[in-house]
Amino acid sequence: MMDIQNNQECFVVLWRKLELTRRLLRGQCRRFCIRRVLKSWFPAEANDDYIWEVCRLCEQEGWNELPPPSLYPRKHRELLRAIVAVRLGISFYKIDLKALDKAYSEAFPKSTPINVSKKKKCCSVAVLQFKSKR
């Protein structure tokens, strides 16, 4: 039984556990998907309704294969938000995103930060607007 909380320490544990689960499922030649993650983390509670609620909140499908969390973190961030929200019975939007992003940087220190592409997009839009004014 996992004790889940809405804080950075718990999020670091969840990010690391997600990567360990990916490796475990790959070693068993099984698909790394939301359904298998939930079944391995919460064997007693992970019924179809629970899985459906998590999938609905993170706007993903249960059997779709997930990429590695260290390379493509955005889908996993939404997955972890949904898991914590359903587990604690709070709103999806009350999850502390800053703590979740800091926990990702702590769990995967050598990977690209989550919000890098947002900065690139923002800067490229500014450059395009500047060029169009000329």
Side-chain angles (χ1 to χ4, degrees):
M1 188 73 162
M2 287 178 45
D3 181 38
I4 294 185
Q5 300 169 357
N6 189 10
N7 60 26
Q8 185 174 346
E9 292 82 25
C10 179
F11 293 149
V12 170
V13 171
L14 290 175
W15 278 112
R16 289 180 179 155
K17 187 168 176 110
L18 194 62
E19 178 62 24
L20 289 174
T21 304
R22 183 189 70 81
R23 290 180 185 175
L24 175 75
L25 291 172
R26 190 176 84 192
Q28 296 173 349
C29 297
R30 300 177 102 189
R31 181 187 303 248
F32 177 57
C33 61
I34 294 173
R35 181 173 286 274
R36 298 241 193 234
V37 168
L38 292 175
K39 292 259 186 195
S40 65
W41 287 10
F42 314 110
E45 293 95 12
N47 57 18
D48 288 337
D49 294 332
Y50 186 85
I51 294 168
W52 178 83
E53 184 66 26
V54 170
C55 291
R56 184 186 66 81
L57 283 175
C58 68
E59 298 177 353
Q60 298 179 46
E61 295 186 19
W63 285 112
N64 288 354
E65 191 158 356
L66 295 169
S70 59
L71 298 177
Y72 302 98
R74 293 214 178 154
K75 286 185 177 185
H76 301 288
R77 178 175 70 172
E78 298 305 310
L79 171 62
L80 292 179
R81 277 178 76 187
I83 289 172
V84 172
V86 170
R87 194 81 173 139
L88 295 179
I90 61 176
S91 171
F92 182 70
Y93 301 103
K94 289 188 179 180
I95 305 300
D96 188 3
L97 276 179
K98 289 182 182 180
L100 189 59
D101 292 347
K102 285 180 185 177
Y104 171 79
S105 297
E106 189 176 325
F108 302 108
K110 294 182 181 179
S111 63
T112 306
I114 289 178
N115 294 324
V116 166
S117 63
K118 285 184 180 177
K119 292 177 186 172
K120 288 180 182 178
K121 182 179 177 182
C122 176
C123 295
S124 64
V125 169
V127 169
L128 290 174
Q129 289 175 349
F130 177 75
K131 287 182 179 180
S132 67
K133 289 181 180 179
R134 285 182 166 182

I'd like to check [X] versus [Y] (side-chain heavy atoms, cut-off strictly below 4.5 Å). Are they in contact?
X: R87; Y: Y50; value: yes
X: K39; Y: I51; value: yes
X: V84; Y: C10; value: no
X: I4; Y: W41; value: no
X: L100; Y: R77; value: yes

Check the hydrophobic clustering (I, L, V, M, F, W, Y; side-chain heavy atoms under 4.5 Å; chains of links allowed) and say if [X] and [Y] are grouped together.
X: L79; Y: L71; result: no
X: F11; Y: F92; result: yes
X: L25; Y: W63; result: no
X: L14; Y: L20; result: no
X: V37; Y: V12; result: no

| request: For the pair N64 and I34, evaluate side-chain contact (heavy atoms from CB on, under 4.5 Å) and give the outcome as yes or no after the intermediate values. | output: CA-CA 8 Å; N64 288 354; I34 294 173; over 6 Å; no
For [Y], is there any backbone N or O sitting under 3.5 Å from a side-chain donor or acceptor partner on [X]?
X: Y104; Y: A99; value: no
X: H76; Y: P67; value: yes
X: D96; Y: Q8; value: no

| query | Can you check side-chain contact (heavy atoms from CB on, under 4.5 Å) on L38 and I83, steps first, answer last? | reply | CA-CA 9 Å; L38 292 175; I83 289 172; 3.8 Å; yes
| message | With a 6.0 Å cut-off (strictly less than), is the heavy-atom count around CD of Q28, excluding the residue itself, greater than 12? | response |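 Check passes, neighbour count above 12.
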| For E59, does the CD atom sit with more than 12 other heavy atoms under 6.0 Å from it, leaving out its own atoms? |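 Check fails, neighbour count at 12 or below.
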| query | Should the pair R26 and F32 be classed as cation-pi, given the thresholds of under 6.0 Å to the six-membered ring centre and 45° from the axis? | reply |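 Pair R26/F32 does not count as cation-pi.
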Can you tell me how far the [atom1] atom of [X] sits from the [atom2] atom of [Y], to the nearest 0.5 Å?
X: L80; Y: L97; atom1: CG; atom2: CG; answer: 11.0 Å
X: K75; Y: Q60; atom1: NZ; atom2: CD; answer: 6.0 Å
X: L24; Y: R36; atom1: CG; atom2: CZ; answer: 11.5 Å
X: S70; Y: R22; atom1: OG; atom2: CZ; answer: 6.0 Å

| request: Sort and list the pairs that fulfil salt bridge (charged side-chain N to carboxylate O under 4.0 Å, His left out) and have at least one residue in residues 46-58, not counting sequence neighbours. | output: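 Matches after skipping sequence neighbours: R35-D48, E53-R56.
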What closest approach, in Å, do [X] and [Y] show between heavy atoms, and which atom pair accounts for it?
X: A82; Y: L57; result: CB-CB, 3.7 Å
X: C33; Y: G62; result: CB-O, 3.3 Å
X: S40; Y: P43; result: O-CD, 4.1 Å

| request: Please test L66 against L18 for side-chain contact (heavy atoms from CB on, under 4.5 Å), starting from the C-alpha separation and ending with a verdict. | output: CA-CA 11 Å; L66 295 169; L18 194 62; 5.7 Å; no
| query | Salt bridge between R23 and E19, side-chain N to carboxylate O under 4.0 Å? | reply |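 Yes, charged N to carboxylate O under 4.0 Å.
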